[in-house]
Q: 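Can you read through this structure? Questions will come right after.
Below, chain A is the first sequence line, B the second, and so on; all start at residue 1.
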2 protein chains.
Amino acid sequence: MATLSDVAKKAVVSKMTVSRVINHPEQVSDELRKLVYNAMKELKYVPNYAARALVQNRTQVVKLLILEEMDTTEPYYMNLLAGIAIELDQHHYSLQLVTRNSHTIGKCDGVIVTGMRREDFAHIIAQLDQPVVLFGQNEQGYDYIDVDNRKGMQMATEHVLSLGCKHILFYGIDINEPFMASRLEGFKRSMEHVHLKPQICLMKNSSHVAQFEAEKILRSTERRTVFVCASDRLGIGVVRAAQCLGLNVPGDVAVTGFDGVFLDRISHPQLTTIRQPIVEMGKALVSLLLEKINQNGKKVGHRIFEPELIVRGSTIQSVQTLPKESKLLGMN
Amino acid sequence: MATLSDVAKKAVVSKMTVSRVINHPEQVSDELRKLVYNAMKELKYVPNYAARALVQNRTQVVKLLILEEMDTTEPYYMNLLAGIAIELDQHHYSLQLVTRNSHTIGKCDGVIVTGMRREDFAHIIAQLDQPVVLFGQNEQGYDYIDVDNRKGMQMATEHVLSLGCKHILFYGIDINEPFMASRLEGFKRSMEHVHLKPQICLMKNSSHVAQFEAEKILRSTERRTVFVCASDRLGIGVVRAAQCLGLNVPGDVAVTGFDGVFLDRISHPQLTTIRQPIVEMGKALVSLLLEKINQNGKKVGHRIFEPELIVRGSTIQSVQTLPKESKLLGMN
DNA sequence: TAATCAATTGTTACCGATAACAGAATAGTA
DNA sequence: TACTATTCTGTTATCGGTAACAATTGATTA
């Protein structure tokens, strides 16, 4: 309710001084600054974002440009969305979801892009004239947020190696994108480190395909087999394959996934997986973008998140399998 | 880029006339109205929402007050969130997620409430001084959006009856809330209609609990048993119970769920379920709230959505079980 | 015919903030 | 001492809209 003018009156200074205390505090003397701070506190001053947006020619809108088909039921995206929404809200920005077709509609202060493929850089991303931050590493020099995919996959591989497994297969996704290359590289490094030959199989990211592929393999071998998968979706398919053939998980077949967003806990037994802190990454996307907006689009670099190994029943028998409920954090 | 003044100049009228054409077109003569429309089209005029918010003393913020623990991995909520976000965006509103603890922080133009329990009405909802719309039917006279729970459960029950099943159990959630009462009533009605005695079991909404309960039942009977469940989560547990006991689904045991948001498709075989159009309901919540805001909080009533029966492998053998990908709609 | 009225359009002030400029006070320098 | 810099604070104009009021016009009525 209280405005700049109210605060100014209370502190017996001009509006401009109050505005300076907020935006350029170093330009105001200690004495007045304290007076103003006290007045703001007493009046519970909250700035009017519409007024600020108006005078600064801002829209207070950030677009989330989703370049791949997004299934609303895909928990991965929904978590990202939650993180972005929470953080944007803190700064009184609103979120506009746009796609390949709709992304030119309406004005905004900045854009977050996700699901981009190689060919999108020239056609779409380079054409944007607002500050941009990408979700996912890229070789084109754009600022981005990502998880350390290579490290994550090394953690998974080293985990199964530490269990004494020898017959290890990598199930990856057959697309030529950096995230997949990093995961594959992580697997290869860890295998080469112990002088094992990496065996790799790439396929569509579908539990059904993974199930089909895994059944073929499992029918033709007697040995204990480990599947290191590049997604939880593939992991779930492998678990089903084992169960259909009457094999024990994790006794006869061990499986690891990647992502750690919902799917891992749906599987029975639950999947050992590499968790990405998606909600946090969503928030970081916003922080990075807002920083960039405030610096007129200057380069702000990137931020890589640490993945986390979560060990569950698909690799170790005794592990507790009741889901640890993870609540929506950072909402107050 | 073009402003009201630009349009006014082009049409050779005053700013006020342009503003009227937008907000009160009936007050402007046909002739000028056409002139203004043309000018707007030529200049591709888009109103500045910050300026409007400023002069109308609006925040352009809507709060989503979530009164139950919300797991970010819960697809149900995420879909609701997506629907709300998409629709709010269309009207240049921003979304603020708040909880029991944080809901008083910051101003807003209206509130959407979800996950409320009986005791919340007096303590929290009645205290809000902005327009409010609830997600879920209620007996306190608040405007709301919901799905027809009774009808949905009747559809599920009649489906299994039509398959010739006789031994039918209802697995519900043990909370005393209207949505649960409606689902239970739907089951009872359909059973009484064919003169079968309804058998009801209430429990925590957990797949593990459902699995445990169902195993007990299944061990003690030889007959083909049908479980009509009040949630997909319970349904998944029942399917697992059957599989653990080596029983065939849907041959020995048939199962139906409720919600139709992701979980139904994760199960193997996939669950026959009652789909709620969650994304659409999220959009409707926003439409209803904005209508209410524009009418100074006047009562706007409620809207009930039709549920949809989706038949899958958990009740019928031959049904195709590959997931039909449902894309995020309304993003054109 | 003059007064009244309704319909339409324009003028002015203001919403709450900030940038640009102007002015005052203090410090430093010739 | 007088003059220039520097630091700090205030004044004015403005962002893009809308409400309230004023003005103009032609029609209606006493």
Side-chain angles (χ1 to χ4, degrees), chain A residues 1-40 43-61 91-93 106-109 293-296, chain B residues 1-40 43-61 91-94 106-109 293-294 296:
Chain A
M1 266 342 314
T3 70
L4 255 197
S5 302
D6 298 335
V7 176
K9 267 178 214 151
K10 178 132 220 156
V12 201
V13 297
S14 72
K15 281 167 54 173
M16 209 45 226
T17 300
V18 180
S19 175
R20 283 203 189 91
V21 168
I22 295 166
N23 298 297
H24 314 282
E26 76 287 354
Q27 293 177 14
V28 180
S29 66
D30 287 3
E31 189 189 14
L32 287 195
R33 207 180 324 141
K34 271 178 211 157
L35 271 176
V36 170
Y37 276 135
N38 288 336
M40 294 201 309
L43 296 174
K44 291 178 189 166
Y45 172 70
V46 181
N48 182 315
Y49 292 90
R52 178 181 289 172
L54 178 60
V55 75
Q56 293 186 335
N57 196 28
R58 294 263 178 85
T59 59
Q60 300 293 117
V61 170
H91 300 275
H92 289 253
Y93 268 82
K107 286 176 290 188
C108 67
D109 296 342
I293 290 172
N294 287 327
Q295 302 190 15
N296 295 306
Chain B
M1 266 343 312
T3 69
L4 256 198
S5 301
D6 298 334
V7 176
K9 266 178 214 153
K10 179 135 221 156
V12 200
V13 296
S14 71
K15 280 167 56 174
M16 210 46 227
T17 300
V18 180
S19 175
R20 284 202 188 90
V21 168
I22 295 166
N23 299 297
H24 315 281
E26 77 286 353
Q27 293 179 12
V28 180
S29 66
D30 288 3
E31 188 190 14
L32 287 196
R33 205 178 326 140
K34 271 177 210 156
L35 271 175
V36 170
Y37 278 134
N38 288 336
M40 292 200 312
L43 295 174
K44 292 178 188 166
Y45 172 71
V46 181
N48 182 316
Y49 292 88
R52 178 180 289 171
L54 178 60
V55 74
Q56 291 186 336
N57 197 27
R58 294 263 178 84
T59 59
Q60 300 292 118
V61 169
H91 301 275
H92 289 254
Y93 267 83
S94 80
K107 288 175 289 188
C108 67
D109 296 341
I293 289 173
N294 287 327
N296 294 305

Q: Look at B/Thr17 and C/dG10 and indicate whether a side-chain polar atom (N or O) is within less than 4.0 Å of OP1 or OP2.
A: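 Answer is yes, contact under 4.0 Å.
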Q: Nearest-Å distance, NE2 (A/His92) to P (C/dG16)?
A: 16 Å
Q: What's the closest nucleotide to the side chain of B/Met16 if the choices are D/dG16, C/dG10, C/dA20?
A: C/dG10
Q: Keeping the roles fixed (side chain from A/Asn38, backbone from A/Leu35), state whether a donor-acceptor pair exists under 3.5 Å.
A: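 No; zero donor-acceptor contacts below 3.5 Å.
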Q: If I take atom CD in residue B/Gln60 and atom C1' in nucleotide D/dG17, what distance separates them, rounded to the nearest angstrom?
A: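 So the CD-C1' distance, B/Gln60 to D/dG17, works out to 12 Å.
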Q: Within this structure, what is the CG-to-C1' distance between B/Asn48 and D/dT14, rounded to whole angstrom?
A: 13 Å
Q: Do the side-chain N or O atoms of B/Ser14 get closer than 4.0 angstrom to the phosphate oxygens (OP1, OP2) of C/dG10?
A: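 For B/Ser14, the contact criterion (side-chain N or O under 4.0 Å from OP1 or OP2 of C/dG10) is met.
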Q: Closer than 4.0 Å, any side-chain N/O of A/Arg20 to the OP1 or OP2 of C/dT18?
A: no
Q: With a 4.5 Å heavy-atom cut-off, do B/Asp6 and B/Tyr45 have their side chains touching?
A: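 No, side chains not in contact.
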Q: Report the distance from atom OH of B/Tyr49 to atom C1' of D/dC15, rounded to the nearest whole Å.
A: 18 Å
Q: Tabulated below should be each protein N or O lying under 3.5 Å from an N or O of nucleotides 6-8 of chain C; please produce it.
A:
none

Q: Between C1' on D/dT14 and CG on B/Leu54, what's the gap in Å once rounded to a whole number?
A: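 Whole-Å distance recorded here is 12 Å.
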Q: Return no unless some side-chain N or O of A/His24 is found under 4.0 Å from OP1 or OP2 of C/dA19.
A: yes
Q: For the pair made of CD in A/Glu31 and P in C/dT26, what is the distance, rounded to whole Å?
A: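 From A/Glu31 CD to C/dT26 P: 12 Å.
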Q: A/Asn57 near the nucleic acid: base, sugar-phosphate alone, or nothing, with a heavy-atom cut-off under 4.0 Å?
A: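 Contact class for A/Asn57: none.
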Q: If every non-hydrogen atom of B/Lys15 is compared with every non-hydrogen atom of B/Leu4, which pair is closest and at what distance?
A: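 Between these two residues, the closest heavy atoms are O-CD1, 4.1 Å.
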Q: Counting only heavy atoms from other residues, nucleotides and ligands, does the tally under 6.0 Å from NZ of B/Lys107 exceed 12?
A: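 Enclosed.
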Q: Under 4.0 Å, heavy atoms only, any strand: does A/Tyr45 hit a base, just the sugar-phosphate, or nothing?
A: sugar-phosphate
Q: Between C/dA19, C/dA17, D/dG17, which nucleotide has the shortest distance from any of its atoms to the side chain of A/Gln56?
A: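 Per side-chain heavy atoms of A/Gln56, the pick is C/dA19.
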Q: Within the 4.0 Å heavy-atom criterion, would you say B/Asn23 contacts the bases, only the backbone, or no part of the nucleic acid?
A: sugar-phosphate
Q: Check whether any side-chain heavy atom of A/Pro25 lies under 4.5 Å from a side-chain heavy atom of A/Val28, and answer yes or no.
A: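 No - every pair of side-chain heavy atoms lies 4.5 Å or more apart.
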Q: What's the closest nucleotide to the side chain of B/Ala51 if the choices are D/dG16, C/dA20, C/dT18?
A: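 Nearest listed nucleotide: D/dG16.
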Q: Would you indicate whether the side-chain heavy atoms of B/Ile22 and B/Arg52 approach each other to under 4.5 Å?
A: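 Yes, at least one pair of side-chain atoms sits under 4.5 Å.
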Q: Whole angstrom is fine here: how far is it from NZ in A/Lys34 over to C1' in D/dC8?
A: 16 Å
Q: Considering heavy-atom distances to DNA chain C, does A/Leu4 or B/Val13 have its closest nucleotide positioned more toward the 5' end?
A: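 Upstream on the strand: B/Val13.
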Q: Taking the side chain as everything from C-beta on, heavy atoms only, tell me whether B/Ser94 gets closer than 4.5 Å to A/Gln60.
A: no
Q: Once hydrogens and angles are ignored, does a donor-acceptor distance under 3.5 Å link the base of D/dG17 to the side chain of B/Lys15?
A: yes
Q: Could you check whether any side-chain heavy atom of B/Arg33 comes within less than 4.5 Å of a side-chain heavy atom of B/Asp30, counting everything from C-beta outward?
A: yes
Q: A/Asp30 CG to D/dT7 P: how many Å, rounded?
A: 14 Å
